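Notes to accompany the following structure.
The chains referred to below are lettered A, B, ... by the order of the sequence lines, with proteins before strands, and numbering in each begins at 1. Please read these numbers as outputs of a predicted model, since none were measured by experiment.
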2 protein chains.
Amino acid sequence: MGHVNRDIEKAATDVGQQPVAIGRQGAVTIYDVARHAGVSPSTVSRALGKPGRISARTERRIQDAAAELGYRANPMARALPTGRTQTLGLIVTDFTNPVYFDLVRGAERAAAEAGYTMVLAESQESGAAESNAVERVRPLVDGFVLAAPRLDDEALTAIAQDTSLVLVNRAVTGIASVVVDVRTGLSAALDHLRAHGHSSIGYLSGPARSWINARRWEVLMEEAPRRGMHIVEIPTTEPTLVGGRDALPRVRAAGVSALVAYNDLIAIGLLREAQATGLDVPGDLSIVGFDDIFGAELVTPELSTIRVPLGALGEAAIRVLIGRVDPETHEPAKAEFVPRQSTGPARSR
Amino acid sequence: MGHVNRDIEKAATDVGQQPVAIGRQGAVTIYDVARHAGVSPSTVSRALGKPGRISARTERRIQDAAAELGYRANPMARALPTGRTQTLGLIVTDFTNPVYFDLVRGAERAAAEAGYTMVLAESQESGAAESNAVERVRPLVDGFVLAAPRLDDEALTAIAQDTSLVLVNRAVTGIASVVVDVRTGLSAALDHLRAHGHSSIGYLSGPARSWINARRWEVLMEEAPRRGMHIVEIPTTEPTLVGGRDALPRVRAAGVSALVAYNDLIAIGLLREAQATGLDVPGDLSIVGFDDIFGAELVTPELSTIRVPLGALGEAAIRVLIGRVDPETHEPAKAEFVPRQSTGPARSR
DNA sequence: CGACGTTTGGCAACCGGTTGACACAATGCC
DNA sequence: GGCATTGTGTCAACCGGTTGCCAAACGTCG
């Protein structure tokens, strides 16, 4: 295939004019190393990949040659016969949602540490886009992580059929997943609210198709009555600042004195809208967020929230994916209530 | 190599026990399509890749066969002879810095639109880690984007030698880059401050090795004197909330009434620390941030800032990288001053 | 000193595509 | 009808690794 090479070289000389994407051309191959060390290519492959298979002396000589020439294996060429690419995928619903910053970072850290590279895609909160992203990423990776997937159980099971898959904050039988135990955090938040005299609280819910939303509501439904508190679900239009803002009329109508939100964005949106209409937080309304994203501490009053260890979650997902951790025995991380200033005693009106 | 396949199948049946990362095994190849359509594999390759080279009738037949079998080209196998992987890299200094959310999103959008996949890496604000990330990503991609690189010009030039590279917010002669024109935004901010009676302002600077930091300072040094304002550089320890917080003593010592910060994180850190020590913002101190990240609007008072179109910047970087846009003729995006509540008249003390 | 077992290294096939060169029509022209 | 021309499809080599199998070299022991 002298031809391909010629084309590539031609493209290379054109660069500077236009940054056409071209592969690195002059790369050192095992053939170069083999020639340099006076052995056959297969011996090089084994020396570098199978410790012990080759005599120590030859192995040493080959390693020296490789180092001298600056040899780096071509991952693509390796992937072809082995089927492993040493890359992992991560698909999130929305990059600009701060929840994912730490998740992405945790995942990237764990992957890099284990010698994997991350490829990233966004699914825009839509099942169709998610399906698309999955198909684009799938052939490239050894497996991937789906954060808060919007696809239904059936579709996910089909995907897991021939690609390894780990879900974050979603449980589907037969598919590995990492979830956070929200009960301790929610219980602590409820105790805190009750101690401040709140007996009737609202839950500003998240997307209807979100598993984690259902889970949070479920736990609240168990834990609130147990404490003799009333709880009511107040739907939001979207899990964002706007969704929180738009929910204020419904919150006032519901007549609750304290709220737990599906996430911090909703909580902050509501908090700011409440203030804008003259309500005092926490005097008139106590608000508890969820996730402890960047920004929760920046609002005034600072947002009380249930912290989810997102970085650890991302890391755990990758560890499970590459088989370092057994998802069965792995203890789920626990969410933790972080009281700040947006919760306090109910003011008698 | 029947052996490899056997191994893979064996691994596949083991799944469920342990999610070992395995390639998709049963994938449809051009050989399957060729057999199904009654032509040779090379004809399939051409029918799918080179429109016109094959007669319309056969092309149609092959496309039908491909669709029926659900054929998807193996990107790895394609990358080997062509040298193009259809993936692009993006390396940022710090994932948890909100500046990058929009940048990443813009880049991912543009890449997905053009049929590319993004791989992501973090360089931890360190030249060594950056170099590492570059080497890990390089063999995998057709080119990559380096956001705010910490490497020196020489190293960058060496990299650009045999991989296409686009820099964000950094100019190095001979390397394509996308930058934001900060002059209009900074000028507007200075005008705004002068109109409020500020005549002596400080610049809370960013990392010493950051090109964009130098650029911002340079423009301030030109524009402030032109308006008859004094300007002084106040160094920070790191471009984060903590760095801003720690800078307060130096700010007080400098005796300025208004500040422009290298980024919003520093600005917010300072703002909160100032309030914590009893200072009024903007009464005692006017603060202007940079970037307009998520969170700038959440603090009280809301942060006045110079908005940088980060999403557009990420998109532009990718477009330049894949040759859709000529970096020469491409008009740089302009930063824009967004007055909010953290700037106001200097209170007479 | 020869039979035998164990290392050690090389050969060649293969992963799944791409593409130059070529053979074999089918067509056009004189 | 013969010849050049154009169109269409196939052959085979190649990208850069991995690995089953085999042969040569080596060491051991009776």
Side-chain angles (χ1 to χ4, degrees), chain A residues 1-10 22-35 37-62 66 69 71-86 139-140, chain B residues 1-10 22-35 37-62 66 69 71-86 139-140:
Chain A
M1 189 175 328
H3 180 262
V4 169
N5 271 337
R6 226 183 305 128
D7 266 4
I8 287 176
E9 276 151 29
K10 186 163 148 295
I22 55 156
R24 45 171 208 167
Q25 68 270 40
V28 179
T29 72
I30 52 168
Y31 295 88
D32 301 323
V33 177
R35 205 172 323 115
V39 293
S40 91
S42 48
T43 307
V44 174
S45 172
R46 280 192 255 261
L48 269 30
K50 299 234 149 60
R53 176 64 176 75
I54 296 296
S55 76
R57 246 172 51 79
T58 333
E59 196 171 316
R60 178 106 213 94
R61 190 150 45 94
I62 290 172
L69 294 165
Y71 168 76
R72 311 216 55 177
N74 178 334
M76 244 70 66
R78 174 171 289 160
L80 206 39
T82 59
R84 347 190 90 111
T85 61
Q86 294 288 108
L140 233 48
Chain B
M1 188 175 333
H3 179 261
V4 168
N5 271 337
R6 225 183 306 126
D7 266 5
I8 287 176
E9 274 151 29
K10 185 163 148 296
I22 55 156
R24 44 170 209 167
Q25 69 271 40
V28 179
T29 73
I30 53 168
Y31 296 87
D32 301 324
V33 176
R35 206 172 324 114
V39 293
S40 92
S42 46
T43 306
V44 173
S45 171
R46 279 195 250 262
L48 268 30
K50 298 237 149 55
R53 176 67 176 73
I54 296 296
S55 75
R57 246 173 50 82
T58 334
E59 196 171 316
R60 178 107 214 94
R61 189 150 46 93
I62 291 172
L69 295 169
Y71 168 75
R72 310 216 56 176
N74 178 332
M76 244 69 67
R78 174 172 288 162
L80 206 39
T82 60
R84 345 191 90 110
T85 60
Q86 293 287 108
L140 231 51

- From dG9(C), dA21(C), dT18(D), pick the nucleotide closest to the side chain of Arg78(A)? dT18(D)
- Message: Using the side-chain heavy atoms of Thr58(B), tell me which of these nucleotides is nearest: dT19(C), dC15(D), dT8(D).
- Response: dT8(D)
- Distance-only donor-acceptor test (3.5 Å): side chain Arg46(B), base dT10(D): yes
- Query: With a 3.5 Å cut-off and just heavy-atom distances, do the side chain of Arg53(B) and the base of dG7(D) make a donor-acceptor pair?
  - Reply: no
- Task: Tell me whether the OP1 or OP2 atom of dG16(D) has a side-chain N or O from Thr29(A) closer than 4.0 Å.
- Result: no
- Query: Of the candidate nucleotides dG9(C), dC11(D), dG16(C), which contains the atom at the shortest distance from the side chain of Ile54(A)?
  - Reply: dG9(C)
- Which of dC15(D), dG10(C), dG17(D) is nearest the side chain of Pro81(B)? It is dC15(D)
- Ile62(B) atom CD1 is separated from dG17(C) atom P, nearest whole Å, by 14 Å
- Message: The side chain of Ser45(B) is closest to which nucleotide in this list: dT19(C), dG10(C), dG17(D)?
- Response: dT19(C)
- Could you state the CZ-P distance from Arg72(B) to dG16(C), rounded to the nearest angstrom? 16 Å
- Item | Contact nearer the 5' end of DNA chain C, comparing Tyr31(A) with Val44(A) | Val44(A)
- Query: Of all the nucleotides listed (dG17(D), dG16(C), dG9(C)), which has the minimum atom distance to the side chain of Ser55(A)?
  - Reply: dG9(C)
- Query: Taking atom C1' of dG16(D) as reference, at what distance in whole Å does atom CD of Gln86(A) sit?
  - Reply: 16 Å
- Task: Please lay out, stage by stage, how Ser42(B) and Ser45(B) fare under the test side chain to side chain donor-acceptor pair (under 3.5 Å).
- Result: CA-CA 5 Å; Ser42(B) 46; Ser45(B) 171; over 6 Å; no
- Item | Heavy-atom donor-acceptor pair, Arg46(A) side chain to Arg53(A) backbone, under 3.5 Å | no
- Query: Any donor-acceptor pair under 3.5 Å between the side chain of Ser42(B) and the base of dC11(D)?
  - Reply: yes
- Message: How close do Ala79(A) and Thr85(A) get, counting heavy atoms only, and between which atoms?
- Response: CB-CG2, 3.9 Å
- Which sits closer to the 5' end of DNA chain D, Leu80(B) or Thr43(A), going by the nucleotide each is nearest to? Leu80(B)
- Checking dG10(C), dT19(D), dT18(C) against the side chain of Ile30(B) (C-beta onward), the nearest is dT18(C)
- Nearest 0.5 Å, what's the CZ-CG distance between Arg78(A) and Leu80(B)? 13.0 Å
- Query: Among dG17(D), dG17(C), dT10(D), which is the nearest nucleotide to the side chain of Ala73(A)?
  - Reply: dG17(D)
- Residue that, paired with Val44(B), satisfies side chain to side chain contact (heavy atoms under 4.5 Å, CB included) out of Thr58(B), Ile54(B), Val33(B): Val33(B)
- Report the nucleotide, chosen from dT10(D), dT18(D), dG17(D), that has the shortest atom-to-atom distance to any side-chain atom of Thr82(A). dT18(D)
